[in-house]
There are 2 protein chains.
Amino acid sequence: MVQSPAVLNNKAVQILQGAMQEFLQNGYAGTSMDKVAATAGVSKPTVYNYFKDKEGLFRALIQYVAESRCQQVMGDGNLEGRPEVVIRRLITNAIESELHDLDYQNFVRLVAGESGRFPQLAQAFVEYLTKPAVDQLADYLKGCSDINAPDPEATARVVLGATVFFIMTQSVMHGETIMPMDPQRLVDSLVDLVTRSPTL
Amino acid sequence: MVQSPAVLNNKAVQILQGAMQEFLQNGYAGTSMDKVAATAGVSKPTVYNYFKDKEGLFRALIQYVAESRCQQVMGDGNLEGRPEVVIRRLITNAIESELHDLDYQNFVRLVAGESGRFPQLAQAFVEYLTKPAVDQLADYLKGCSDINAPDPEATARVVLGATVFFIMTQSVMHGETIMPMDPQRLVDSLVDLVTRSPTL
DNA sequence: GTCTATATATAGATAGAC
DNA sequence: GTCTATCTATATATAGAC
């Protein structure tokens, strides 16, 4: 029985791959164990041999995907240089890598959509993806003396919040045609807001 | 057959109330027409007499809830006064009214979670809730000469994006214990960022 | 460990009585 | 218009053969 993605043999990964395709496409309740088994190329009892039940498989899958995404979000962790350049690069990278990543968008939809019924999984998302990103940026901002951020932690939430909101509205919620905007304008405004000289 | 919430008799509303409770709690695929009928206090064929099928009922419900929320989000539309005061009040109101509104959070979870399979409903959310809020703030910012916002539309997205992200992370995704923050700090930082004197 | 076959429950949707 | 009763499909989960 697989409880943690830390220990995964070949067949467990094979099942998780099939489960990923189905759950990301059809949500938790919309996914049947029959289709998971078929997509994974195994029989249904084999699925139940590796995972206790549908909920156990789902939890293992979310953890599996979150761990995969974890490194990517952090980037190389190399936040060095002048604030205008660093912040611009950080936001540009986030938008470019997520705005057209359909798998990531479906992952966000799935975790957000199930956050009421699976609060622990939503918390794992916050702990392993959201919080590290905010903390990393906040730590960088703390080291910058010549920017407009008396509260670096709150400022980091503003910067990343605006970025996440942009991706959510434009792509996840399909708002690109309804309220279109060149991502560059958001980046420019954010850099402009944060890197001005602080109040005298 | 009810197609639009614009024309709703008593029984249709009664069914929508039951549907709201079930869909907001259990999601689309997790909701059965049996439970909708039971919660609404009618029989299943009666539900099908007023709505074509499960999908038709769901679409009508989302439109119904979105229209109810539409006015509330806009507030009284009275954005007048000095920018520090107006922006502070706007964000504070949004956070106070949404951060602990469980129905609203479940509505966000539902629409976001189904946005991949019901893109039209997500677009209605953007068109009737997100876009009006952004436009209203952008219009106000355009009229302010003494603030730090060369691009009012992008700045409005930063302000509302940071606010929505805060509510999403703290409440919807249950992150309050993982990355706690007093909402006042976010409000202060946003007001501070936007209302500084523009670059010389 | 992995399969075929199946038990049991519940889903969406409707026929037909009133 | 509204109900009880029902049809058909499919869901989760497992028994038992290999």
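All chains are named by letter (A, B, ...) in the order of the sequence lines, taking the proteins before the strands, and each is independently numbered beginning at 1.
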Validation: residues 24-31 of chain B side-chain donor-acceptor distances under 3.5 Å, sequence neighbours left out:
{"residue": "B:Thr31", "atom": "OG1", "partner": "B:Glu22", "partner atom": "O", "Å": "3.1"}
{"residue": "B:Thr31", "atom": "OG1", "partner": "B:Gly27", "partner atom": "O", "Å": "2.6"}

Worksheet item: How many Å lie between CD on A:Glu22 and P on D:dA11, as a whole number?
Response: 10 Å

Fill in: Partners meeting side-chain contact (heavy atoms from CB on, under 4.5 Å) with A:Pro183 (sequence neighbours left out)
A:Ile95, A:Leu99, A:Phe166

Worksheet item: Among all residues two or more places apart in sequence or in another chain, which pass the side-chain contact (heavy atoms from CB on, under 4.5 Å) test with A:Ser68?
Response: none

Discussion item. Suppose we screen for salt bridge (charged side-chain N to carboxylate O under 4.0 Å, His left out). Which residues come up paired with A:Asp53, at least two apart in sequence or across chains?
Written reply: none

Discussion item. Test of understanding: with side-chain contact (heavy atoms from CB on, under 4.5 Å), list the residues that count as partners of A:Pro150, not counting sequence neighbours.
Written reply: A:Asn148, B:Asp192, B:Arg196

Practice prompt. List for me each residue that meets side-chain contact (heavy atoms from CB on, under 4.5 Å) alongside A:Val158, sequence neighbours excluded, and say none if there are none.
Written response: B:Val158, B:Ala162, B:Leu186, B:Leu190, B:Leu193

Discussion item. Less than 4.0 angstrom between a side-chain N/O of B:Thr46 and OP1 or OP2 of D:dC3, yes or no?
Written reply: yes

Worksheet item: If you look only at pairs with a residue in residues 154-167 of chain A, which of them pass as a side chain to side chain donor-acceptor pair (under 3.5 Å), with sequence neighbours excluded?
Response: A:Arg157-B:Gln170

Worksheet entry | Near-strand residues of residues 47-60 of chain A, defined as heavy-atom separation under 4.0 angstrom from DNA chain C | A:Asn49, A:Tyr50

Worksheet item: Looking for any heavy atom pair under 4.0 Å, which part of the strands does A:Lys11 touch: base, sugar-phosphate only, or nothing?
Response: sugar-phosphate

Item to complete: Applying salt bridge (charged side-chain N to carboxylate O under 4.0 Å, His left out), name anything that partners B:Arg185, two or more places apart in sequence or on another chain.
Response: A:Asp151, A:Glu153

What donor-acceptor contacts under 3.5 angstrom involve side-chain atoms of residues 14-21 of chain A, with partners at least two apart or in another chain?
{"residue": "A:Gln14", "atom": "NE2", "partner": "A:Ala40", "partner atom": "O", "Å": "2.8"}
{"residue": "A:Gln17", "atom": "NE2", "partner": "A:Tyr64", "partner atom": "OH", "Å": "3.1"}

Worksheet item: Just by modelled atom types, is the A:Gln120 backbone N or O under 3.5 Å from a matching donor or acceptor in the B:His174 side chain?
Response: no

Worksheet entry | Members of residues 27-40 of chain B that approach DNA chain D, where some heavy atom sits under 4.0 Å away | none

Discussion item. Expressed as a whole number of angstroms, how long is the span from B:Lys44:NZ to D:dT6:P?
Written reply: 14 Å

Polar atom pairs (N or O), protein with nucleotides 16-18 of chain D, under 3.5 Å:
none

